[in-house]
Each structure stands twice: as structure tokens, then as C-alpha cells.
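Following: one structure in C-alpha cells, then a few remarks.
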2 protein chains.
Amino acid sequence: MSAAESAVETIQREMTIFARRARASAGRMHPELSLVSYTLLGHLEERDGCRATDLAAHYALDKSTVSRQVAALERAALIERRLDPEDHRVQVLHLTEAGREILAQVTRSRRAAFRERLAEWPEEDLVRFAAYLERYNAGPAGADAE
Amino acid sequence: MSAAESAVETIQREMTIFARRARASAGRMHPELSLVSYTLLGHLEERDGCRATDLAAHYALDKSTVSRQVAALERAALIERRLDPEDHRVQVLHLTEAGREILAQVTRSRRAAFRERLAEWPEEDLVRFAAYLERYNAGPAGADAE
DNA sequence: AGTCCAAGTTGTACTATACAACTAGAAACC
DNA sequence: GGTTTCTAGTTGTATAGTACAACTTGGACT
């Protein structure tokens, strides 16, 4: 096997390990906010509000799934729905102040964990690793792990 | 923010994106073998058989979860249990021929997807990316995404 | 008006998971 | 050698996340 092929094998294996671990631990780390809820809140913050359908499309989730997630987040008072005056079918979702705070807090704690894990890495390696990951994720949709 | 800090941010964000996508797609890609089942079978192949408790410890799963996964894999005739003659509490799990085949098939298809995604990468980058991922995953347990 | 489409909700089912209570067998201890 | 303690695994129960299908409501387009 060429060096490139064996590197692809390793990348596959290590990405799989990462995904499995992330999945297994997501709920344990932040009981107050699942990985899915976290990414949904993050999306809302980034976009400054969006529709449930946009979330479903972006994360390849069924609209019923998003509907229930949104309902849970609203019950927890982390988001609020505002009826679109242009189209009464549409609910524009916005973070509440509490949602913004929880999101910031979870982001801080995740960031701290990553930072600790990467504490020993030289800056040069961090920058290159980050670039590789971005490049990998920016790749065509539909491939493995997509 | 220093280059190192911003690289850590990027790594966190991209790893999260990857984990979310992997989770969302795991079931769709290989309906015949979930991500968990796949990794369990892979472990069995690599170790040439092991105990349910070893799987639970290695993957940070509850023993009841492993017990049910193992039961499902046995029902599907992908693995078999052999009583340890030394210790009658222990069941040593082994891949069956069918299990070996399914595993090989899913591995091929996952490998093809990764290869396609990485097709444009120069060998040098593949090797470095693989090394970074290994280093990241080899890091101390208990950190984020663990 | 009537048809079709789009956004969201609800009913139902399934999978993965954890925790707790249990059984069966092994080991340790005195 | 019997009692206690530990280990491997199963089963009961509960929860989260997910999909699919059926439905409701509101717009859009003839």
C-alpha cells in the first residue's frame, strides 16, 4: 500500500473513532445541551434567527425532528418564535437572552476542553491541523460521514 | 487572538461539524450496519475475538448497551459467542464468516468514500493530516469529544 | 374558486443509550 | 469449606433522537 493509501486508511479510522467518541460523550459533557441543540443554537446565533425548515435542510434532519427540538428549546426558554408578518406559516426562531448565555457557557467549556487537549501542540501544527480539517469538511457533500 | 488560539477555535468547530454530520448520516450510509456495530465488528476482527466487557470499556459504553448490541449481531449471525472454558461467566465473541464479509464490504465502501473525498490531496498532506488525527485521538481521555 | 405547494405539528415506531436490579459464576478470606 | 465480595452478563425501564406518514394551515398561481 502506498503512503497515500495508508494515510487515507488512517484518516478514515481516526475520524471514525472521533465521531464515535463524540457521539458517546456529547450527552455526558453538557447535560443541559445536547450536541444537536448546541449546533442548532449556534446556527441561530450565527444567522441571527432563521426558520425551522432552514435548520432541517442545513443539518439534513427531518422537519418533524427539528419541530420537536425547537419545541424543547422553546420550553427551556432558550429560543423564541416570532411569526413572520409576511407569511403566517413561518416562524422565525431567535435566541433568547438565556439561550445566548447557555450557548456561550457551553462554548467556553468545549473550548477549554479542546484547548487542554491541544495544549502541548506547537502553533505551527495547530494551524496546519485546523486547515486540514476545514479543507476536509469543505469537501463535496454526500461523501462518507456526511 | 493569537494564531494558536484561532487554530484551536477552528479545530473545535470543524471537529464538531464532522461529529454532527457523522451522527446524522451514520444510519443512512450503511443501513445494514450501524456505526456502532461497525466499530464493534472491527474491534473483534482486529483483536481476533474479545469479551463484551472489553468492548464496553474500550468504547465507554454501558455493559447493557453492549449486551444488546451483541445480541443483535448474534441474531444477524455476524458474530458468535463461545463460552470460555476457563471461566464460565465469560463469552468470547468471534466474527462469523458472514460477519467478516459484511465488515469487509462496509469497510470497502467507507474507504471508497473517504478516498474520493481525499482524491485531490497531495500525498504529503494526507500523511500529515493522518498523523495529526492520530495524535489528537491518542490524547488524554476525558477531554472534549471523548 | 380551486388546485397545488410549503411550513410546521402530531402520531407512531425504532434505535441507541443509561441506570438499576438481578443471576450466575469465580475468587478471597478467615 | 462456607461466606462474603467481586465480575460478566442479562433484563426491566426510561429517555433522547430520529424518520416517515398523515394531517393542518396558509400562500401562490392559474
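Just so we're on the same page: letters track the sequence lines, and every chain starts at 1.
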Donor-acceptor contacts under 3.5 Å from residues 64-72 of chain A side chains, at least two apart:
{"residue": "S64(A)", "atom": "OG", "partner": "D62(A)", "partner atom": "OD2", "Å": "2.6"}
{"residue": "Q69(A)", "atom": "OE1", "partner": "S37(A)", "partner atom": "OG", "Å": "3.4"}

Query raised in the report: Under a single-linkage rule joining Ile, Leu, Val, Met, Phe, Trp and Tyr whose side-chain heavy atoms are separated by less than 4.5 Å, which residues share a cluster with L83(A)?
Result: none
**Report entry** Rounded distance in Å - CG (L55(A)) to P (dG17(D))
**Finding:** 15 Å
Requested in this report: Can you tell me the distance, in whole Å, between the CG atom of D84(B) and the C1' atom of dG9(D)?
Outcome: 14 Å
Report summary line: Whole-Å distance, Y59(B) OH to dT17(C) P, equals 12 Å
**Report entry** Atom-pair distance (CD on Q69(B); C1' on dG9(D)), nearest Å
**Finding:** 15 Å
Query raised in the report: R75(B) has an atom CZ; how far is it from atom C1' of dT10(D), in whole Å?
Result: 13 Å
Query raised in the report: Rounded to whole angstrom units, what separation is found between the NE2 atom of H88(B) and the P atom of dA8(D)?
Result: 16 Å
Report task. Nearest whole angstrom, please: distance from the C1' of dT17(C) to the CG of L40(B). Result -> 13 Å
Requested in this report: Using a 4.0 Å heavy-atom cut-off, write out nucleotides 7-13 of chain C from 5' to 3' as B (base contacted by protein), S (sugar-phosphate only) or - (no contact).
Outcome: SBBBBB-
Report summary line: Separation of dA6(C) atom P from E86(A) atom CD, nearest Å, is 18 Å
Query raised in the report: Does R47(A) pair with D54(A) as a salt bridge, N-O distance under 4.0 Å?
Result: no
Requested in this report: Taking atom CD of E124(B) as the centre, report whether more than 12 heavy atoms of other residues, nucleotides or ligands fall under 6.0 Å from it.
Outcome: no
Query - Within 6.0 angstrom of E46(A) CD, more than 12 heavy atoms from elsewhere - result: yes
Report task. Using a strict cut-off of less than 4.0 Å between a Lys/Arg side-chain nitrogen and an Asp/Glu carboxylate oxygen, indicate whether R51(A) and D84(A) qualify as a salt bridge. Result -> no
